[in-house]
Amino acid sequence: MNTPVNTPATLADPDTPFAVVDVHTMRRNIARLKDRADRLGVTLRPHVKTAKSLDVAAHLDSGTPCPVTVSTLAEAEAFADGGYTDITYAVGVEPRKLPRIIALSRRGVTLRVLLDSAEQAAFVTDASRRAGIPLPAQIEIDCDGHRGGIRPGDPTLVEIGRVLHDAGCLDGVLTHAGESYFAHTAEDQRLAAKNERDTAVAAAERLRAAGLPVNIVSVGSTPTAHAAEDLTGVTELRAGNYVFFDLVMAGLGVCRIEDIALSVVVTVIGHRPEHGWIMTDGGWMAMSRDRGTAAQAQDQGYGLVADLAGRLIPGLVMTAASQEHGTLTARDGAVLPRLPVGTRLRVLPNHACATAAQHRGYHTVDGTRPAGPAPAIEAFWERVTGW
């Protein structure tokens, strides 16, 4: 994590738009969930798809490569190159991915694959036998009707488990409470976490009752990871967004606005006073098109606006975006501030994963240090391949 010699001195220097991570805030977020996982007695397996950065991952467990989750094989390969050897590929596997998976296995990487059908189990076990390498596979369990997985009571669960076990590939079960992102109260999130655990444990118990070993029972989403009160029967907890957090998580009450570690620096490039608009050079190519807060009690547009030191500007919201232009407007009776052309601002994102994916890396700052006119840049952290 060395700062390149040409790294600009402050947030006033690089060409905009660019992504910024407040390292102090990020570390606080990481410690919060790690402490919770420790209290609940489970392994924390962070999902690195959010930051896609070895520099960020180095903060997850005191610089030691820890178990991680990925969403692409490019991520798996990049993190394997970075010394990570315990990886879960948490997207349903398909046949053409298997040569790359086997190649990683031959390098000594434990790369778990995910499946939810007899068809997938057949081609995974066939490839495993041909390669002479047991490919650890987890059966995806559907806990809330979101995307993939099978229900614990589905008769194919044991059939799939037996096919995997006979080839030495059965590794465990995995579920993800995707609907928790629409759980708008603390009680709803607590119930989602309980359901997530209960569903995964029920599936594991059904497999064990059929004489099949289940080593890993994996659950997790950022909302449920922070709401879980009892993870008895679970072995590991997964989450990814928690490292940066975002406005969707703040809208759910999972975090506070001040816990959002990621922002995008933009520059004022014009004004349309007849419309009440301030124009910036940061459109959806900088922020993404994600409008996740539109379904929440408070719609935050494309993001809340802060000054360069990270202090929110009351009532100022990014309400519209074209490819390279962002439109800022005042709401709730706020007065549109006077922001001359050239003024730099920071925009907090709706969805950290989507916004991060628009950038090749992050300039880092420490929000606890005196900012002066603009916070000093400490380093530039690159993102890995896989977006």
Checklist entry - Does His176 use its side chain to pair, donor to acceptor, with the backbone of Gly220 at less than 3.5 Å? => result yes

Checklist entry - Any ion pair linking Asp259 and Arg28 (charged N to carboxylate O, less than 4.0 Å)? => result yes

Checklist entry - Which pair of non-hydrogen atoms, one from Pro134 and one from Ala167, has the smallest distance, and what is that distance? => result CB-O, 4.4 Å

Next on the checklist: Check Asp38 with Lys34, please: is the shortest side-chain N to carboxylate O separation under 4.0 Å?
Outcome noted: yes

Name each donor-acceptor pair under 3.5 Å that joins a side chain in residues 155-162 to protein atoms two or more places apart or in another chain, with its distance.
unit_1	atom_1	unit_2	atom_2	d
Thr156	OG1	Asp154	OD1	2.7
Arg162	NH2	Ala210	O	3.3

Checklist entry - Taking the six-membered ring of Tyr89 as reference, does the NZ or CZ atom of Arg112 fall below 6.0 Å from its centre and within a 45° cone about the axis? => result no

Checklist entry - Is the number of heavy atoms from other residues, nucleotides or ligands within 6.0 Å of CD (Glu94) greater than 12? => result yes

Checklist entry - Mind checking whether Leu170 and Ile139 have side chains closer than 4.5 Å, heavy atoms only? => result yes

Checklist entry - So does Arg369 have more than 12 non-hydrogen atoms from other groups sitting under 6.0 Å from CZ? => result no

Item to check | Greater than 12 external heavy atoms within 6.0 Å of Glu382's CD | outcome: no

Item to check | salt bridge (charged side-chain N to carboxylate O under 4.0 Å, His left out) between Arg147 and Asp142, intermediate numbers included | outcome: CA-CA 8 Å; Arg147 297 194 304 221; Asp142 177 8; over 6 Å; no

Checklist entry - More than 12 heavy atoms of other residues, nucleotides or ligands under 6.0 Å from CZ of Arg256: is that the case? => result yes

Checklist entry - Got a second to check how far Thr235's OG1 is from Arg45's CZ, nearest 0.5 Å? => result 8.5 Å

Checklist entry - Does the side chain of Tyr302 come within less than 4.5 Å of Val317's, by heavy atoms? => result no

Checklist outcome for this item: Which of Thr50, Ile30, Asn29 passes side-chain contact (heavy atoms from CB on, under 4.5 Å) with Val243? Answer is Ile30

Next on the checklist: Whether Arg383 and Asp55 form a salt bridge (side-chain N of Lys/Arg under 4.0 Å from carboxylate O of Asp/Glu) is what I want to check.
Outcome noted: no

Checklist entry - Aromatic rings His59 and Trp381: how do their planes relate, parallel, tilted or perpendicular, breaks at 30° and 60°? => result tilted

Item to check | Which residues share a side-chain contact (heavy atoms from CB on, under 4.5 Å) with Asp198, sequence neighbours left out | outcome: Lys194

Next on the checklist: So which atom in Ser128 and which in Leu135 form the shortest heavy-atom distance, rounded to 0.1 Å?
Outcome noted: OG-N, 3.3 Å

Item to check | Non-neighbouring partners of His226 that pass ring pair (Phe, Tyr, Trp, His ring centres under 6.0 Å), sequence neighbours left out | outcome: Phe245

